[in-house]
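This one's a predicted model, so the numbers in the text were calculated from it and none came from an experiment. Order of appearance sets the numbers: ligands from 1, and atoms from 1 within every ligand.
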Amino acid sequence: MNIEDLYQELILDHGTQPRNCCALPSANHTAEGFNPLCGDKICVYLKIENQIIKAASFTGSGCAISTASASLMTEALIGKSLEEISALSADFKALLNTEGASKASLEKLRALEGVKIFPARVKCATLAWHTLEAAIRQSTEIINTPITTE
Ligand code: ZN
């Protein structure tokens, strides 16, 4: 079995049996993302304590690539600091850029590199990461604050 087959199997596995695919009641950061090109929808849930991701999950409906990417992402996040995640996110986006390099630090996330030859699918693969960044920026408390009328 060559590395491409292994990566394809990993995407298929995470696309059909996603990990951490559930709402997270203890989440203190959440965000929703939508990729109108494909119809992928995702909600990312994070429990962040002392700048560390203690727990991460997602819910949503989308194609196999967006689901696999979200599943692999949540696995990669748990236990990492926000600083490490910001570097990981940049490395992942570079991986899907035609001129980008594949870094060893990406581990299993490298399985998605093959997507870069299909520009429309790159948005499927990066949706979870854009949503993650939004979730880190906003806490659920802010999102849930009712709009007050003046
Ligand atoms: Zn998609």
> Within the distance-only criterion (no hydrogens, no angle test), does the side chain of S71 pair as donor or acceptor with the backbone N or O of R19 below 3.5 angstrom?
Replying inline: yes
>> Let's test this: below 2.8 Å, count the protein N/O/S atoms around the Zn ion (ligand 1).
In response: 5
> Mind checking who shares a hydrophobic cluster with I117, ILVMFWY linked at side-chain heavy-atom distances under 4.5 Å?
Replying inline: F118
>> How long is the straight-line distance from CZ of F92 back to CG of L72, given to the nearest 0.5 Å?
In response: 8.0 Å
> Shortest non-hydrogen contact from T59 to Y45?
Replying inline: OG1-OH, 3.3 Å
> So, D91 and R110, do they make that salt bridge, N to O below 4.0 Å?
Replying inline: no
>> So, taking the atom named CG in L77 and the one named CZ in F58, what distance separates them when rounded to the nearest 0.5 Å?
In response: 11.5 Å
